[in-house]
Amino acid sequence: MKKRIISILNKTVQRAAQEGALKSPPEGGFVVEVPSSSDHGHFATNLCLTLAKSQKQPPMKIASVLLPILKECPLFERVEAAPPGFINFFVKRDEWMPIVTQILEEGASYGKSDFGEGKSVLVEFVSANPTGPLHLGHGRGAALGDTLCRILELAGFNVGREFYINDAGRQIRLLGESVFARWQQIENPDYPFPAGGYHGEYIAELARMISAETDLASLSDEEAIEVCASLGKDIMLDDIKRSLNMFRVDFDVWYSETSLHESGRFAKSLSSGAIAEKIYEKDGALWIATSEHGDDKDRVIRKQDGSYTYFASDISYHRDKWERGFSRAIDIWGADHHGYIPRVQAALETMGVPKGWLSVMLIQLVKLWQAGAEVKMSKRAGTYVTLQELMDEVGVDAARFVFLTKHNDSPLDVDVDLIKKQESDNPVFYVQYAHARASSILRKAQEESVFNGIEDEKLLKNYLKLEEEIALIRMMGDFPSLVEEMAKSLEPHRLTYYLQDLAAMFHRYFNLGTKNPELRVITEDASVSRARLFLVKAIRTVVANGLSLLAITAPEQM
RNA sequence: GCGCCUGUAGCUCAGCUGGAUAGAGCAGCGGACUUCUAAUCCGCAGGCCCCGUGUUCGAAUCACGGCAGGCGCGCCA
């Protein structure tokens, strides 16, 4: 509907220009929006305000030129100009009804668009080191990334989901040393634990598992550490995969850092192409000239001792992403890595990758509250709540929902007690209940044979007369543009707000019937009932589609 | 010291990317169940949108300067 009005406005301006009423006008610049007050119509535009300067005329005067043309349009009941220069549109009631039939026709694909034009996007998220279980921060990243992918797909992008496994380098070695030390400590409690090692209880668990499978005592310490590192990593990776799977997140590619090195891509990516010219040697190390592209300073990629930095792998990995031909890439990182954005962007530009090809989304920290106090978490000390524990306590649906109730750039407080204890107050149940309630009404109608299931626009036009009904239809009509906007702005959290609003509107509508039987969906009047049942079916569809983007179940009854 | 993020109701946060009278949930108080599902609804109360200056028809939103909190500023990963 909004798009229709935009195109009507464009045509109107063109026509006014042709007729000489306006100087040939510049494109765009104006917006059409839903005003907060219903006095200002279903839609409003600031078109005249934006034209005022270039036309050198007061906005209200421009409005008075455009108004007669707009009034001819059969879409509108009323068009008004309002100071300081808004135009308010009141859409004819009947014109809303096609939205309902459209929803019913399209069903699960309502909301789909070709906004993305089939372009390929690579979304990399979670990418946790396989040195420990996933924590709440990873859960937030997983929920955000996965829902973003679903949104992008619905908006017409071709999406690849990727998990980068940091399975090379020192942290895996440290995992091995930590596990080995715990194994030693079974016999010898005084065996020293490595500095900066991993302290979680799971390390001792790994030691038990690995020593049960492998006779560590028959190996040299060095060999045993390697076994602990390798098997420990495999076990943790399996654990991560299992948790993510339960969290309804599936990746297309698990990209191993080790494979980057073993395949030779790593070496090649730093020695060929435009980037090779930006790499130089200084003080016995290899540097890359990222400062030419906005980084604070040049960065080391190979240290004096001959080993490569983490950043070198990152360059190589992102180059590989680019060479795989994606038209854009999105990374989701913890906010503590924000300092790396400029250098990664700079490295990409050094290779000739266009600015803006890579978008990095940061997620702020998740704070956990329990018994009214913040639970301090430390990965190194091993005191943190895992994603698995959260899922076990509150369920996947609630967990996924809470992770998307805040903008990714805003810190998130999760009060586990609250989600657990007050299940009924949880917003996810509120939305699911709307779906269950709609289902229940439809079930009842089916049983009583009120509903023949044949849609008829005329029926809707004749019998959907309530303001509340029109408001619901308008809101559902926004869903496709919401999906597009979320894909554009990378803001999946808006979906949880939309669903809560839609559910609230439906619950309110339903409750009209508790006071006045004529306002129930199923009433004495068969035609009114049928029209309302179509509306309810449409609501159920939109709620279900929204929940499906969140990968949250849509129950038939609760 | 420099950079990024955040600052909106008692608490946790939205605010459609510059629009008209700033919203929701929770917490508080008061109401509605012989119902198409009360996991719901209705009402009341609650505001210096951190402060200041600027940009313009118009600012919670943009710019600059402060203040406060968080996170980063390695030849660590």
Side-chain angles (χ1 to χ4, degrees), chain A residues 2 31 33-37 39-40 44-46 49-50 52-53 58-59 82-86 88 129 131 166 168-172 174 196 283-287 296-297 299-305 307-311 313 334-342 362 364-365 367 369 405-407 409-415 418 422-427 429-430 432-434 436-445 448 450 478 481-482 485-486 488-489 491 493-494 496-498 500-501 503-504 506-515 517 520-523 529 532-533 536 557-558:
Chain A
K2 194 186 270 188
V31 292
E33 58 170 19
V34 180
S36 48
S37 161
D39 296 343
H40 300 134
T45 182
N46 61 352
L49 293 160
T50 63
K53 201 162 248 178
F86 292 101
N88 298 328
N129 289 349
T131 54
N166 284 131
R170 245 193 52 203
Q171 72 278 22
I172 298 293
L174 201 54
D283 305 331
L286 269 191
W287 298 69
D296 293 339
K297 56 178 206 167
R299 305 289 169 177
V300 168
I301 56 173
R302 195 185 66 205
K303 296 176 258 179
Q304 279 180 340
D305 68 7
S307 65
Y308 284 88
T309 60
Y310 175 83
F311 182 46
S313 295
D336 51 343
H337 289 87
H338 72 255
Y340 295 85
I341 297 175
L362 297 176
Q364 295 291 335
L365 300 185
K367 278 191 212 162
W369 293 73
T405 52
K406 308 279 138 77
H407 184 95
D409 238 346
S410 154
L412 174 67
D413 287 2
V414 176
D415 186 331
L418 200 80
Q422 305 195 336
E423 274 202 340
S424 58
D425 285 338
N426 197 304
F429 291 99
Y430 183 84
Q432 287 179 315
Y433 186 49
R437 180 172 252 178
S439 301
S440 166
I441 296 170
L442 293 167
R443 220 167 23 240
K444 169 140 181 144
E448 298 182 2
V450 188
D478 287 343
S481 51
L482 174 73
E485 281 166 25
M486 290 189 298
K488 194 155 98 184
S489 62
E491 290 175 338
H493 72 282
R494 285 177 53 189
T496 56
Y497 287 88
Y498 174 84
Q500 289 180 83
D501 287 347
F506 174 60
H507 288 313
R508 214 174 298 137
Y509 176 60
F510 175 91
N511 272 275
L512 294 175
T514 61
K515 280 273 164 66
R520 292 188 191 174
V521 175
I522 300 170
T523 66
S529 304
R532 288 180 182 165
L533 285 164
V536 169
Q557 48 189 312
M558 290 172 77

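Predicted model, so just to flag it, every value in this text is computed and none were measured. Every chain is numbered from 1 and lettered A, B, ... according to where its sequence line falls, protein lines coming before strand lines.
Inspection of the A/D305 and A/S307 side chains reveals an N or O donor paired with an N or O acceptor under 3.5 Å. Side-chain atoms of A/T496 and A/T405 include no donor-acceptor pair closer than 3.5 Å.
In this structure, A/D336 atom CG and B/C76 atom C1' are separated by 13 Å, rounded to whole Å. Distance A/D305 CG to B/G74 P: 18 Å, rounded to the nearest Å. Rounded to a whole Å, the CD atom of A/Q500 is 9 Å from the P atom of B/G25. In this entry the distance linking CG of A/D296 with P of B/C2 reads 13 Å, nearest Å. Rounded to whole Å, atom P of B/A77 lies 10 Å from atom OH of A/Y310. In this structure, CD of A/E485 is placed 9 Å from C1' of B/U17, rounded to the nearest angstrom. To the nearest angstrom, C1' of B/C11 lies 15 Å from CG of A/L412. For the pair A/E33 CD and B/A20 P, the computed distance is 7 Å after rounding to whole Å.
Figure legend. B/C76 is base-paired to no nucleotide; pairs are counted as Watson-Crick or G-U wobble with both atom distances under 3.5 Å. B/C48: no Watson-Crick or G-U partner with both key distances under 3.5 Å is found in any strand. Remark: B/A68 base-pairs with B/U6. Criterion, Watson-Crick or G-U wobble with two distances under 3.5 Å. Searching all strands for a Watson-Crick or G-U wobble partner of B/U53 with both distances below 3.5 Å returns B/A63. Across all strands shown, B/C29 forms a Watson-Crick or G-U wobble pair, both distances under 3.5 Å, with B/G43. In a base pair of the Watson-Crick type (N1 to N3 plus N6-O4 or O6-N4) or a G-U wobble (N1-O2 and O6-N3), with each distance short of 3.5 Å, B/A22 is matched with no nucleotide.
The two residues A/D283 and A/Q304 come nearest to each other via the heavy atoms O-NE2, 2.7 Å.
Atom CG of A/L174 is separated from atom OG1 of A/T131 by 8.5 Å, given to the nearest 0.5 angstrom.
Remark: side-chain polar atoms of A/Q364 are not paired, donor with acceptor, to backbone N or O of A/H407 under 3.5 angstrom. Between the A/N88 side chain and the A/A44 main chain, no donor and acceptor come within less than 3.5 Å of each other. With hydrogens and angles ignored, the 3.5 Å screen pairs a side-chain donor or acceptor of A/T309 with a backbone N or O of A/V300.
When heavy atoms are screened at a 4.0 angstrom cut-off, A/Y433 is found touching base atoms of the nucleic acid. Using a 4.0 Å heavy-atom criterion, one finds that A/K488 contacts no nucleic acid atom at all. Counting non-hydrogen atoms under 4.0 angstrom, A/D283 reaches a base of the nucleic acid. Within the 4.0 angstrom heavy-atom criterion, no nucleotide atom of any strand lies near A/A445. A/Q432 comes within 4.0 angstrom of nothing in the nucleic acid, heavy atoms only. Among the atoms of the strands shown, base atoms are found under 4.0 Å from some heavy atom of A/D39. Across all strands, A/G169 comes closer than 4.0 Å to no nucleic acid atom at all (heavy-atom distances). Looking at heavy-atom distances under 4.0 Å, A/Q304 makes contact with a base. If you check every strand for non-hydrogen atoms under 4.0 Å, A/R302 touches nothing. No engagement by A/A434 is indicated, since no non-hydrogen atom pair under 4.0 Å with the nucleic acid exists. Residue A/S529 is classed as having no contact, given no heavy-atom separation below 4.0 Å to the nucleic acid. If you check every strand for non-hydrogen atoms under 4.0 Å, A/H338 touches a base. Within 4.0 Å of A/S440, counting heavy atoms only, lies at least one base atom of the nucleic acid.
Here B/A77 is the nucleotide among B/A39, B/C71, B/A77 with the atom lying nearest to any side-chain atom of A/T309. Residue A/S36 places its side chain closer to B/A20 than to any other of B/C75, B/C76, B/A20. Ranking B/C76, B/C57, B/C75 by closeness to the A/V300 side chain, first place goes to B/C75. When each of B/A14, B/C71, B/A39 is scored by its nearest atom to the side-chain atoms of A/S410, the top-ranked nucleotide is B/A14. Which of B/A77, B/C71, B/A20 sits closest to the side chain of A/H337 comes down to B/A77. Residue A/Q171 has its side chain nearest to B/A77 when only B/G19, B/C36, B/A77 are considered. Listed nucleotides: B/C36, B/U37, B/C75. Nearest to the side chain of A/R437: B/U37. Picking from B/C57, B/G15, B/C76 the nucleotide with the shortest atom distance to the side chain of A/R170 gives B/C76. Each of B/C57, B/C75, B/C36 was ranked by its minimum atom distance to the side chain of A/K444; first place goes to B/C36. Minimum atom distance to the side chain of A/D413 is reached by B/C13, of the listed B/C75, B/C13, B/A77.
In this structure, A/P411 and A/R508 both approach RNA chain B, and ranking their closest nucleotides by distance from the 5' end singles out A/P411. Of the two residues contacting RNA chain B, namely A/E448 and A/K406, the nearest-nucleotide position lying further toward the 5' end is that of A/K406.
Comparing the C1' positions of B/A60 and B/C13 gives a spacing of 14 Å, expressed to the nearest Å. Nucleotides B/A20 and B/G58 place their C1' atoms 9 Å apart, quoted to the nearest Å. When the C1' atom is compared between B/C26 and B/A63, the two are found 36 Å apart, to the nearest whole Å. Taking atom C1' on both nucleotides, B/G66 is separated from B/G7 by 14 Å, rounded to a whole Å. Going from the C1' atom of B/G31 to that of B/C67 covers 45 Å, rounded to whole Å. The C1' atoms of B/A39 and B/C51 are separated by 44 Å, rounded to the nearest whole Å. B/C16 and B/A77 have their C1' atoms separated by 40 Å, with the value rounded to a whole Å. The P atoms of B/C64 and B/C2 are separated by 15 Å, rounded to the nearest whole Å.
B/A20 has A/F86 stacked on its base ring, the centres lying under 5.5 angstrom apart and the planes within 30 degrees of parallel. Both thresholds, 5.5 Å between centres and 30° between ring planes, are not jointly met by A/H407 relative to the base of B/A14, so the two rings are not stacked.
In the interface, the side chain of A/N46 is not paired with the base of B/A20 through any donor and acceptor atom under 3.5 Å apart.
Within the structure, a side-chain polar atom (N or O) of A/Y430 is placed less than 4.0 Å from OP1 or OP2 of B/C41. Within the 4.0 Å cut-off from OP1 or OP2 of B/C73, not a single side-chain nitrogen or oxygen of A/K297 is found.
For A/K303, the NZ atom counts as densely surrounded, since its 6.0 Å shell holds more than 12 non-hydrogen atoms of other residues, nucleotides or ligands. Within a 6.0 Å radius of CZ in A/R443, more than 12 heavy atoms belonging to other residues, nucleotides or ligands are found.
Residues A/W287 and A/R302 fail the side-chain proximity criterion, which asks for heavy atoms closer than 4.5 Å.
Because its glycosidic torsion is more than 90° from 0, B/U21 is reported here as anti.
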